[in-house]
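Single-structure report; data block below.
Note that the numbering runs from 1 along the sequence shown for the chain.
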Amino acid sequence: MSADTCGENVSLPLRNLLNSIRCVTDRVRDGESNASEGAFDLSNFRDALNQAVKAVSHEATKLSLAFSKPPLPSPQDVEKFSESTMKSVLSLSTVYYWLPKDQGVSLRRQVRDATVEVLEGVAQLVEVILSSPLQSLSQDQLTSTGSVWSACDHFAQLPQDNKAAVLMVLSDQIGVVKDAIEEVEQALSEAEDPFSDILDNDQEPRGNQDTYWSEQDRLLIGPCRGLMMAAAACLRKLTSAVKANGDVTTAQNLAQLDDLADITKEISPVVDDLALCLYPPMDYSGVENNVSKLAALLKKVLQIIRSSHVCGESQLTWVQFLEGAVDHNLQKAKDLIQQDS
């Protein structure tokens, strides 16, 4: 709302509301949960969380509608809207704090991120109302209101427990790694030496070699792709192992699931780095560095899987197979790089 159309008595409660929401959001983002006292009922927590987020959605809708068309609400009504909105925000943050870390760090992070997304959405809505001329419902206000609804709806998809939270992390990683592999394969199928059909084998390549792979490059891509495929297989196999054997009834097993989630989140960035350095012109030192990084990370991941409760006799077979595949592809890549140098 511009200064011409909204008096200070109307805008002041909204500014106070905006500042208060931002303070609560910062505390939720950075704060610690309350200590768990006695048995914690996740089902009751989820019910309370869903009720709290529905209240936020309802209050945000009321606030948006109040400023969607003339006349302006009275200063007294704005004060009431601000108070009820802030009450719902505080209620949501309070319920979030009920969730203790001993229910699993992965679960708590996802609930925290979803809570922060809602609070940031409400803050954005208030900011838009403060900055938009009150002539009609602006597109920004519609968008901001829809963003709050979307963030609130996301709570229905939150994991039920820490095992489900870890499976969501693994699913995200599988998608990113799969995309990286497919991009490399697509590039390989499209890129070729534009002079390969007119040059003899003993002739030097011509044209801009920075735009295509040499035969040696393509040979090196083989074991690099093999390592990326090993990463994808590791994530898929681990997903099956967590589904079959993942346990959330003891603190040790919860911690092991969190360790698996944390280490596997490192995989996709390293796979992406390796994929990027494979594009022409290929920097062999960069390839060697990224191949070594991915191999070391995969060995670490496999070691953590091996020592966790999700690894039984049947899982040990593929853990050992992937350890061998990592070593084989790493050595093959290093041998090819050595030949080139």
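- Annotation for Q110 and V169: closest pair NE2-CG2, 3.8 Å, computed over non-hydrogen atoms.
- The residues E323 and R306 are annotated as salt-bridged, a charged nitrogen and a carboxylate oxygen being separated by less than 4.0 angstrom.
- With 3.5 Å as the limit, one finds a donor-acceptor pair spanning the side chains of S64 and Q141.
- In this structure a side-chain-to-backbone donor-acceptor pair under 3.5 Å is present from R108 to L99.
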Exercise. What's the verdict on salt bridge (Lys or Arg N to Asp or Glu O under 4.0 Å) for E127 and R15, showing C-alpha distance, side-chain angles and the deciding distance?
Worked result: CA-CA 8 Å; E127 206 168 8; R15 289 198 193 99; over 6 Å; no

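- Checking side-chain atoms of S307 against main-chain N and O of Q303 turns up a donor-acceptor pair under 3.5 Å.
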For this session: Under the side chain to side chain contact (heavy atoms under 4.5 Å, CB included) rule, what do D259 and S308 come out as? Steps first, then yes or no, please.
Result: CA-CA 9 Å; D259 288 343; S308 76; over 6 Å; no

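- A donor-acceptor pair shorter than 3.5 Å can be found between the side chains of D217 and Y284.
- A salt bridge links D327 with K299: the closest approach of a Lys/Arg side-chain nitrogen to an acidic carboxylate oxygen falls below 4.0 angstrom.
- In the model, Q160 has a side-chain atom that pairs as donor or acceptor with a side-chain atom of R46 under 3.5 Å.
- Ionic pairing of K300 and E266 is not present here: no N-O contact between side-chain nitrogen and carboxylate oxygen is shorter than 4.0 angstrom.
- Of the residues N245, D258, D247, the one that meets the side-chain hydrogen bond (donor to acceptor under 3.5 Å, both in side chains) test with N253 is D247.
- A salt bridge between R218 and E215 is absent, with no side-chain N of the basic residue lying under 4.0 Å from a carboxylate O of the acidic one.
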For this session: Please assess W213 against L220 for the test side chain to side chain contact (heavy atoms under 4.5 Å, CB included), listing each intermediate value before the final yes or no.
Result: CA-CA 10 Å; W213 284 293; L220 180 54; over 6 Å; no

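- What you find for H154 and A114 is that their closest heavy atoms are CD2-CB, 3.9 Å.
- Distance check: L227 CG to L274 CG gives 7.0 Å after rounding to the nearest 0.5 Å.
- Remark: side-chain polar atoms of Q173 are paired, donor with acceptor, to backbone N or O of S268 under 3.5 angstrom.
- Checking each of Q338, Q339, K332, Q331 against D335 for a side-chain hydrogen bond (donor to acceptor under 3.5 Å, both in side chains) leaves exactly one that passes, namely Q331.
- Salt-bridge annotation for D26 and R29: present, with a side-chain N of the basic residue lying under 4.0 Å from a carboxylate O of the acidic one.
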